[in-house]
Amino acid sequence: MMMTIEEHAHSGILILDPGERLTLEHGEELLTAIQSATREYAPIVVVNLHNTRVVDSMGIGVLVKSLKHVSSVGGRLCLAGLRPELLRTFQLMNLHHVFEMFESVDLACKHYTMHRV
């Protein structure tokens, strides 16, 4: 499954779906997309992990790099739609304290629309 990118230009929200695997082979595509998007403006980035079944250490590293990059240009990055097993992995690594997380993309978009940064 290829990564899909959905951009809501009117609200400044960029939604990225990395697909089934966020691993060494696929992670750089996500980072590149985020870096490209932040050249023009400081967006709110929602990484939709609803379809993601496999995340390896490189995938987590890409998410952390992406968070640092987006923060450095004044944007926000959150994760949405984590499956229970993926959420447990993030909790075991204490990454639920690092990333803003939402149950769904819709909830993330509503949050950022209501609480403009």
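Leu95 is connected to Leu79 through a chain of hydrophobic side-chain contacts under 4.5 Å among Ile, Leu, Val, Met, Phe, Trp and Tyr, so both are in one cluster. Residue Leu82 is not grouped with residue Met58 when hydrophobic side chains (ILVMFWY) are merged at heavy-atom distances under 4.5 angstrom, including chains of intermediate members. Both Val64 and Leu14 are members of a single hydrophobic cluster when ILVMFWY side chains are connected at heavy-atom separations under 4.5 Å. Leu24 and Leu16 are assigned to two separate hydrophobic clusters, defined by single-linkage of ILVMFWY side chains at heavy-atom distances under 4.5 Å.
Distance check: Leu63 CG to Leu77 CG gives 7.5 Å after rounding to the nearest 0.5 Å.
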Item to check | Met93 and Ile60: CA distance, side-chain angles, deciding distance, side-chain contact (heavy atoms from CB on, under 4.5 Å) verdict | outcome: CA-CA 10 Å; Met93 300 177 77; Ile60 290 175; 3.5 Å; yes
Item to check | Full working for side-chain contact (heavy atoms from CB on, under 4.5 Å) between Leu87 and Met101 | outcome: CA-CA 9 Å; Leu87 178 59; Met101 295 184 181; 3.8 Å; yes
Item to check | Derivation of the side-chain contact (heavy atoms from CB on, under 4.5 Å) call for Ile15 and Cys109 | outcome: CA-CA 9 Å; Ile15 301 167; Cys109 291; 3.9 Å; yes
Checklist entry - Could you walk me through whether Leu22 and Val54 pass the side-chain contact (heavy atoms from CB on, under 4.5 Å) check? => result CA-CA 6 Å; Leu22 185 53; Val54 178; over 6 Å; no
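The backbone N or O of Gly81 sits nowhere less than 3.5 Å from a side-chain atom of Ser104 that would complete a donor-acceptor pair. One N or O on the side chain of Arg83 and one on the backbone of His50 form a donor-acceptor pair closer than 3.5 Å. The backbone N or O of Lys110 lies less than 3.5 Å from no partner atom in the side chain of Thr113, so there is not a single donor-acceptor pair. Formation of a donor-acceptor pair under 3.5 Å by the Ser71 side chain with backbone atoms of Lys68 is not found in this model.
Around the CD atom of Glu103, the shell of radius 6.0 Å holds no more than 12 heavy atoms that belong to other residues, nucleotides or ligands.
Tested against Asp17, the residues Asn51, Leu30, Val47, Leu49 include a single side chain to side chain contact (heavy atoms under 4.5 Å, CB included) partner, Asn51.
Ring geometry for His111 versus Phe102: interplanar angle of 30 to 60°, hence tilted.
You'll find the side chain of Asn94 reaches within 4.5 Å of the side chain of His97, heavy atoms only. Taking 4.5 Å as the limit, every side-chain heavy atom of Thr89 sits out of range of all side-chain heavy atoms of Val55.
Minimum heavy-atom separation, Gly19 to Thr52: O-OG1, 2.8 Å. The two residues Val70 and Arg76 have their closest heavy-atom pair at CG1-N, 3.3 Å.
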